[in-house]
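The next block holds one structure in the form of structure tokens; read it before the comments.
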Amino acid sequence: MTDLAPMKLDEALKPPRNQWWDVWDQFKTHKGALIGAFVLGVLVLAVVAGPLFWRIDPAFIEPDAVKMIRSRNQGFSLAHPFGTDQLGRDMLARMIAGGKVSLAVGLVAMLISIFIGTTIGVLAGYFKRLDGPLMRMTDLFLALPLLPLLLVMVMLFRETLAGMFGPELGTFFLIVFAIGVTSWMQAARIVRGEVLALKEREFVLAARSIGTPSRRVILRHILPNVMSPIMVAATLGIASAIITESALSFLGLGFPPDFPTWGRLLFDGVEYMTQFPDRVIWPGLAISLTVLSVNYIGDGLRDALDPRIRGR
Amino acid sequence: MKLKTALLGAAAAFAMAPAAFAERGADGQLNIIYWQAPSILNPYLSSGTKDVESASMVLEPLAGFNEKGEVIPRLVTEVPTVENGGVSADLTSITWKLTPGLLWSDGTPVTSADAVFTWQYCTHPEGGCAQAARYEGVTSVEAPDDLTIKVNFAAPKPNPYQAFVGATSPLLQAKQFAECLGAKAPECTAANFGPIGTGPFMVTEFKTNDTVQMVANPNYRDPAKPAFASVNFKGGGDAQAAARSVLETGEFDYAWNPQLAPEVLAGMEAAGKGKVFAAFGTLVERIEINMTDPDPALPEGMRSTAAHPHPILSDIRVRQALSMAIDRNLLVEVGYGSSGRATCNLVPAPELYASDNTGCLTQDIEGAKKLLEEAGWMPGADGIREKDGKKLKLLYQSSTNAVRQDFQALVKGWWNEIGIEVELKNVDASVFFGGDPGSPDTFQKFYADVEMYANNFDGTDPEPYLAQYTCEKAPKPESQWQGENINRFCDPAYDALVAELGKTGEMAKRGEIARQLNDMLTKDSFVVIPLVDRGRTSAASNTLGGVVMNAWDSELWNTSDWYRVK
Amino acid sequence: MLTFTIRRLLLAIPTLLFISLIIFLLLDMAPGSPMSQIPLTVPLEVRLKMIEALGANDPIFFRYINWLHKFFVIEPLHVFDGLFGTTFAGDSLRELSWQSRSPVADVIAQRIPQTLTVIGMSYLLGILIALPIGIYSAYRQYSWFDQLGTFISMIGFSVPTFFTGVLLIVVFSVKLHWFPSIYDTTLKVTDWASFGKQVKQMTMPVAVLGLYNAAQISRYMRSSMLENLTQDYVRTARAKGLSERVVVLKHVLRNSLIPVVTVIALGIPTIFGGAIITEQVFKVNGLGQLLITAIYANDLPMVQTLTFIFAVLIVLFNLVADILYGILDPRIRYD
């Protein structure tokens with residue numbers, strides 16, 4: 001949205017007032033967005049700085065048999081605020097370790113899928129020549145059976161990526177890539193539909209008639225107007241990325257089995273739901289909080305980026 | 001139909017006054033749930049447990065196994081042995097005598113021609129019969145008269161109870177399957193989905209991978225049985241839902257294999273609606289050790305082959321240390337509860353073949369550390385042992401399964417304790433056991449240092465099972481990675497002993513050789529680290545009577561005796 | 001528009017053929033074999049024989065042509081024979097599943113009713129709930145109704161169905177005994193009593209899936225309405241003195257429907273694809289359960305046929321969506 005050339009002129013004439021300040025001002029007035037940003041910030045801080053304060057190893061199992069049996073399936077205690085799991089591992093430490101992966105996977109995979117989806121959607125909607133091939137490709141991706149596709153991707157790329165980046169980072173790239181590549185289609189279809197309609201609007205026609213190059217029409221006129229469905233797709237995308245990651249790990253296509261993630265903790269906890277309900281409450285709560293806060297941030301951001309609302 | 005059933009039942013009640021309390025079809029509907037749904041009711045076309053066991057309520061073999069692993073007659077007057085002359089003295093033939101008057105559920109008589117046909121059906125070269133192993137070594141099946149079946153073997157068979165014994169080789173009706181030989185077998189959908197049998201029930205409706213509806217067989221040989229008039233056999237879902245429907249909500253009477261954490265199962269049992277039954281067979285959860293080098297740096301086609309022995313695990317002391325560090329009793333406690341037993345044997349049963357080896361049952365962390373030090377692995381700076389600048393690091397893989405992942409975490413903990421770095425990996429079961437030579441993740445390819453899974457043998461004779469560990473059976477690229485000697489163990493003495501077992505007919509001697517073979521793989525060489533002897537489990541409602549768990553045959557082997565507790 | 005539709009339909013044929021080829025290659029490449037679920041006790045030679053009998057070892061090109069022939073020639077002939085009692089198909093071999101050795105088409109036909117009633121109903125319910133909620137939430141942005149709607153729909157979307165499903169079963173089946181925990185696929189609705197039973201066993205799966213679908217659709221509806229409510233034409237309409245009702249429900253709604261139509265059009269094929277997890281949790285043995293068991297068992301004929309039908313529906317409904325765009329916004333031209 002920013003265009004640098006005229007901005008420099010402005011800077012020379014007026015006191016520096018970046019338009020992002022306007023956006024921030026508007027964003028600040030959105031209470032939900034602020035709370036959302038705060039909650040997300042706390043979650044991120046907890047998983048990043050948490051291990052510095054809570055020093056229990058999430059994979060630690062009491063080596064002594066008698067102690068180990070006693071330490072299983074514990075409820076709340078000072079030593080284990082979130083209790084322990086069926087092997088006596090500390091749940092708080094596992095939540096912290098799991099959050100790091102889940103948040104990273106959720107955010108990055110969402111960004112990838114939104115980026116691919118928006119690019120394809122805009123190109124298909126705006127350029128008639130590209131519409132056919134790109135949309136047929138979208139149909140193809142929608143039709144491909146997910147599980148065999150993922151199995152093939154893992155088979156082809158796991159060892160190469162693990163060799164290049166080490167097992168953990170390699171798996172991370174693989175998962176993020178796999179989720180991103182298999183979840184952009186909805187966003188693409190939605191964006192394309194909107195662009196098809198926008199393209200015929202007066203302001204776009206006007207911009208084109210004065211000879212504005214396509215690139216600038218897209219960046220300045222089209223993209224800002226498709227922000228709201230993109231924002232929705234982004235929020236929903238985080239939730240499904242976190243859940244998809246758990247399904248992948250569960251199937252053995254993702255992280256090693258002793259590597260906790262929120263989705264996986266929730267999945268494993270379902271078996272114990274009736275006896276130890278906190279086993280599902282904590283991961284469920286963490287995922288819901290993340291999605292809710294991203295949603296409110298998205299709401300606020302959308303309002304703040306819309307010049308028609310801004311300044312009202 | 002119902003009238004006929006009722007009349008028969010009534011007639012039976014008059015005929016046998018003492019058994020008057022038992023009347024065919026008096027107990028209403030039996031509800032069974034298998035969380036893996038049956039796909040087909042012809043065990044000769046699919047050997048999946050779900051298919052074989054659901055079919056076993058309809059199709060019967062000549063003889064089966066009881067809960068102790070003994071051969072019991074089903075369609076025959078007695079079990080042939082050398083003593084009663086049924087098995088020839090040179091062990092090259094066995095003669096079965098059908099019970100006179102037996103009827104198929106459609107009312108036609110069962111004859112020896114059906115047995116001859118069944119043999120032809122399964123041994124047809126284009127049929128792809130799933131139970132062909134049951135008929136291996138059979139040169140011909142003869143029918144001297146309507147009730148006599150003579151099975152001839154190519155060579156002396158110390159264990160003649162293979163063909164027509166157990167739920168995996170039942171009798172098919174020749175009339176129904178006459179048009180279904182060889183390549184035509186899969187085309188007979190109606191017959192494959194509704195086989196006519198001699199069992200206590202007959203199929204009325206079959207929806208593949210979903211449900212089987214059955215009613216009592218009006219021509220069943222015991223006029224007072226079965227007690228249930230109909231069966232609703234539901235398939236699909238997951239183990240927990242199946243267990244819950246029996247133990248907590250009471251919607252079903254019997255659930256197959258409720259494989260859940262012991263504490264979860266105990267919590268469900270506490271609802272008081274049903275119980276969990278277990279029976280022990282030969283299924284052993286074990287860690288197999290790769291005797292060859294799976295290093296990804298080796299060129300493809302060289303990894304995990306006999307050309308490159310494993311740099312760490314070729315040393316018996318390291319293998320022994322791995323075994324010593326494991327607390328098997330704790331594994332049982334965490335993963336299986338009462339349906340598992342710690343074991344040091346590859347062949348845990350039957351008694352004749354089970355070695356008395358219990359040395360591994362006590363964990364010995366200190367001893368394991370000492371052994372590693374003897375082998376030259378000294379603690380490094382970060383607690384991981386090193387030798388010649390090389391770290392003691394292992395990749396430990398298994399299939400995806402909640403209990404296996406818990407086991408992996410526990411074992412990793414103990415191995416970390418003795419200074420071994422462990423990387424875990426789990427692979428989806430359909431890939432792990434799939435055997436696709438193109439996939440790097442199959443258990444045969446074994447691109448890992450150690451791997452864990454469970455295996456057992458069919459019936460009561462361990463010979464083919466132990467013969468899997470001979471040198472030439474190692475999976476290798478030339479054989480498309482097919483082969484059963486997963487850990488590429490190779491010992492000429494072992495191969496010689498396996499050959500000797502194949503020639504021995506005397507039971508006591510066979511037992512002795514089998515035990516020796518078992519020990520060579522376990523306590524003498526530690527190439528197989530047995531962990532848990534896993535029982536078969538099922539959940540049954542308190543209102544269901546007559547359930548006897550059987551680990552040697554279909555667990556639905558005695559549904560004719562099941563009744564409603566009132 | 002008509003020429004556009006016809007052209008797209010014609011174009012769909014090569015597209016679908018291409019998609020079917022890609023799916024076929026993908027499935028063939030995926031690791032796993034049809035032998036993965038048979039016990040390890042079955043010896044190697046027997047396994048190899050079984051694979052041979054399935055025809056799984058034939059060259060891939062041969063198998064693909066064979067599948068095309070069966071799908072496009074033999075199966076339609078069988079359907080025709082079934083409808084009119086003719087015998088055009090004769091005894092030509094139909095496409096058989098590797099798992100059950102029965103014709104793939106018959107199994108699929110057996111599953112469609114279950115899936116359509118349960119999954120279709122939940123989708124319909126989802127749309128019916130989502131549209132009014134989305135519209136009203138946008139119209140009264142940041143009212144308590146909007147906040148509550150946002151909260152519930154976000155929870156509905158972020159908590160996976162494998163969790164909500166089991167939770168409902170624990171509460172309503174185990175504790176309260178209101179609904180059965182196992183769906184009875186053999187139940188035939190013949191009278192009021194069996195209808196009541198059917199409603200009872202459908203309640204929980206429909207509720208779980210309906211919430212999930214409603215959450216998603218209402219978010220798109222709301223955001224799109226919000227976008228349009230601030231447009232100039234709305235001000236114009238109001239200035240003309242049109243009633244609020246007409247402004248919102250005629251002008252704004254119609255212009256906001258494009259993303260919603262896209263989402264719904266993408267959703268309808270997934271009804272036929274079944275909801276794998278929900279079907280698994282409630283034991284509704286529909287198409288989703290069929291697909292997932294076929295994938296696990298590497299039953300390629302079944303997976304290929306199901307995914308291809310799915311692909312046809314996707315192409316078809318995306319075309320429907322494109323046509324609807326033109327109706328909703330006449331300025332959109334494809335010619």
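Numbered from 1 within each chain, the chains take letters A, B, ... in sequence-line order.
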Contacting moiety of B:E263, where chain A heavy atoms sit under 4.5 Å: both
Chain A interface, residue from B:D327, B:L330, B:D406 that has the most non-hydrogen pairs under 4.5 Å: B:D406
Whether over 12 other heavy atoms sit under 6.0 Å from B:W415 CH2: yes
A:E271 side chain vs B:L260 backbone, donor-acceptor pair below 3.5 Å: no
Separation between CG of B:L424 and CZ of A:F255, rounded to the nearest 0.5 Å: 14.5 Å
Separation of B:R244 CZ from A:T274 OG1 (nearest 0.5 Å): 6.5 Å
Within 6.0 Å of NZ in B:K370, more than 12 heavy atoms from elsewhere: no
More than 12 heavy atoms from other groups under 6.0 Å of CZ on A:F115: no
B:E333 and A:R72, any side-chain heavy atoms less than 4.5 Å apart: yes
Distance-minimising heavy-atom pair for A:Q275 and B:G267: NE2-CA, 3.4 Å
Minimum side-chain heavy-atom gap B:Q405-A:R264 below 4.5 Å: yes
Closest non-hydrogen atom pair between A:L87 and B:A409, with its separation: CD1-CB, 3.7 Å
